[in-house]
Amino acid sequence: MQDSFRMERLLEISQSVVRDLDKYGICVVDNFMGKERAETIHRSVVSMYDTGVFVEGETVGLKSSKLGTAKNVRSDKITWVDGSENNCATIAHLIATVDTIIMNFIRINRLTQSGHQTPIGGRTKAMVSCYPGNGSHYVKHVDNPNRDGRCITSTYYVNKDWDAKETGGLLRMFPQAWPTKVVDIEPILDRMVFFWSDRRNPHEVQPSFRTRYAITIWYFDAKEREEAKERNNIKT
Ligand code: AKG
């Protein structure tokens, strides 16, 4: 895609993110990177997984609880990347693309003086996750229930020919915007989902019976993050 078309497409996506987060708290974008790039990202995630660097997903502050063991809560495997690692150029491109969307999001909200007004500052590395089939899942949870700073969750899927009727693995959202409804999102190739990370959006990953890959980046609300770092004595 030519640069000017790509910039126009990114602006269009950013406007949908502003509109849908404001209205629904969730925004789903298909054909986010384009098929060719999505397939390259898929290949690089699979080869990264095959090197054995993935570890069990963390469940912060949970050893065993009413919910059961950490493994009963989430059974994905994860690794964190910033895009500079071997064979990660396409993931670096994905990260840069999401950064651009979020910068546009800030700019549009500032210009229109509506939507999310507190500054967004910084983000996590990208978490690459693999649900390795066999019913692997993540129970209903909120990413940021206790003001740790995370404001927007962005999750990108790289699963070719996914059919949730056959293999499960839906992302099920329980948005507070519609207390009586759930929103089911299939983790298909080249689909990006943005949503508020706080209590407005409890969600779960339903049992997956096929290997399921995703890449997630969390963006911080600058003020909330600073307060959380001070509270928890975090230096970086
Ligand atoms: C999480 O990592 O917190 C998730 O809920 C994963 C979402 C997904 O992979 O669809």
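FYI, side chains are in, hydrogens and waters are out, and symmetry mates aren't considered; it's all heavy atoms of this structure.
Without hydrogens or angle criteria, E204 side chain to V139 main chain gives no donor-acceptor distance under 3.5 Å. Without hydrogens or angle criteria, T51 side chain to M48 main chain gives a donor-acceptor distance under 3.5 Å. S197 places a side-chain N or O within 3.5 Å of a backbone atom of C151 that can act as its donor or acceptor partner.
The minimum heavy-atom distance between V142 and P202, with the atom names listed, is CG2-CA, 3.9 Å. Residues P175 and V183 share a closest heavy-atom pair of CG-CG2, 3.9 Å. Of all the heavy atoms in T97 and R6, the pair that sits closest is CG2-NH2, 3.6 Å. Nearest heavy atoms, I152 versus F194: CG2-CD2, 4.3 Å. Contact record, S75 with P132: O-CD, 3.6 Å, taken as the closest heavy-atom pair. Looking at every heavy atom in both residues, H42 comes nearest to V158 through ND1-O, 3.0 Å.
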- [ ] Determine, stepwise, if the pair D221 / I120 fulfils side-chain contact (heavy atoms from CB on, under 4.5 Å).
- [x] CA-CA 4 Å; D221 177 292; I120 293 178; 5.7 Å; no
- [ ] For side-chain contact (heavy atoms from CB on, under 4.5 Å), just list the numbers for Y213 and Y157, CA-CA rounded to whole Å, side-chain angles, deciding distance to a tenth of an Å, and then say yes or no.
- [x] CA-CA 6 Å; Y213 295 105; Y157 298 106; over 6 Å; no
Open item on the list: Determine whether K35 and E39 satisfy the following criterion, salt bridge (Lys or Arg N to Asp or Glu O under 4.0 Å), listing intermediate values before the conclusion.
Closed with: CA-CA 6 Å; K35 190 166 183 283; E39 287 184 347; 3.2 Å; yes
Task: Worked check of side-chain contact (heavy atoms from CB on, under 4.5 Å) between K125 and V81 - done: CA-CA 6 Å; K125 287 185 177 184; V81 299; over 6 Å; no
Task: side-chain contact (heavy atoms from CB on, under 4.5 Å) evaluation trace for C130 with I78 - done: CA-CA 6 Å; C130 171; I78 62 163; over 6 Å; no
Task: Verdict with reasoning, D163 to R210, per salt bridge (Lys or Arg N to Asp or Glu O under 4.0 Å) - done: CA-CA 10 Å; D163 180 357; R210 210 190 109 184; over 6 Å; no
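Side-chain contact check for M173 versus I26: some heavy-atom pair is nearer than 4.5 Å. Taking the side chain as every heavy atom from C-beta outward, C27 and F195 never approach each other to under 4.5 Å. Taking the side chain as every heavy atom from C-beta outward, V205 and R212 approach each other to under 4.5 Å. Between I41 and M33, the closest side-chain pair of non-hydrogen atoms falls below 4.5 Å. Between D99 and R123 there is a side-chain heavy-atom pair separated by less than 4.5 Å. For the pair Y156/R191, no side-chain contact is recorded, criterion being any heavy-atom separation below 4.5 Å from C-beta on. Within the 4.5 Å cutoff, no side-chain heavy atoms of D190 are placed close to those of R37. Considering only heavy atoms from C-beta on, T124 stays 4.5 Å or farther from Y219 through its side chain.
A cation-pi arrangement is absent between K77 and Y49 under the rule of less than 6.0 angstrom and at most 45 degrees off the ring axis. Geometrically, R225 engages F220 in a cation-pi contact defined by less than 6.0 Å to the ring centre and at most 45° from the axis.
For H203 and Y138, the distance between ring centers is not under 6.0 angstrom. Side-chain rings of Y24 and W178 approach one another, their centers coming within less than 6.0 Å.
The distance from atom CG of L94 to atom OG1 of T40, rounded to the nearest 0.5 Å, is 11.5 Å. One finds the OH atom of Y131 at 11.5 Å from the CG atom of N159 (value rounded to the nearest 0.5 Å). Here the CG atom belonging to D161 is positioned 8.5 Å from the CG atom belonging to L189, to the nearest 0.5 angstrom. Summarising the geometry, atom CG belonging to L10 is positioned 4.5 Å from atom CD1 belonging to I101; distances are rounded to the nearest 0.5 Å. A distance of 9.5 Å separates NE2 of H93 from OG1 of T90, quoted to the nearest 0.5 Å. Interatomic distance, L170 CG to Q206 CD, rounded to the nearest 0.5 Å: 5.0 Å.
Under a 4.0 Å N-O distance rule, the pair R231/E227 does not qualify as a salt bridge. A salt bridge between R150 and D143 is absent, with no side-chain N of the basic residue lying under 4.0 Å from a carboxylate O of the acidic one. Looking at E226 and K229, a side-chain N of the basic residue comes within less than 4.0 Å of a carboxylate O on the acidic one, giving a salt bridge.
Under the 4.5 Å side-chain heavy-atom criterion for ILVMFWY residues, a single connected hydrophobic cluster contains both I102 and V17. When hydrophobic clusters are built by joining Ile, Leu, Val, Met, Phe, Trp and Tyr residues whose side-chain heavy atoms come closer than 4.5 Å, directly or via intermediates, I13 is grouped together with L21. Hydrophobic clustering (ILVMFWY, side-chain heavy atoms < 4.5 Å, transitive): V128 and V193 are in distinct clusters. With hydrophobic clusters built from ILVMFWY side chains whose heavy atoms lie under 4.5 angstrom apart, I215 does not share a cluster with M127. Hydrophobic cluster membership differs between L171 and M192, with clusters built from Ile, Leu, Val, Met, Phe, Trp and Tyr side chains linked at under 4.5 angstrom.
In this model, a donor atom of one side chain and an acceptor atom of the other lie less than 3.5 Å apart for R199 and N146. Side-chain N/O atoms of S14 and N104 include a donor and acceptor closer than 3.5 Å. Judged by distance alone, the side chains of S129 and D76 never bring a donor and an acceptor atom under 3.5 Å apart. A donor-acceptor contact closer than 3.5 angstrom links the side chains of T153 and W218. Inspection of the S136 and S208 side chains reveals no N or O donor paired with an N or O acceptor under 3.5 Å.
Within a 6.0 Å sphere centred on CD of E36, heavy atoms belonging to other residues, nucleotides or ligands number 12 at most. With a 6.0 Å radius and a threshold of 12 heavy atoms from other residues, nucleotides or ligands, N86 has its CG atom at or below the threshold. Other residues, nucleotides and ligands contribute only 12 or fewer heavy atoms inside 6.0 Å of the CG atom of N134. Atom CZ of R147 sits in a sparse spot, with 12 or fewer heavy atoms from other residues, nucleotides or ligands closer than 6.0 Å.
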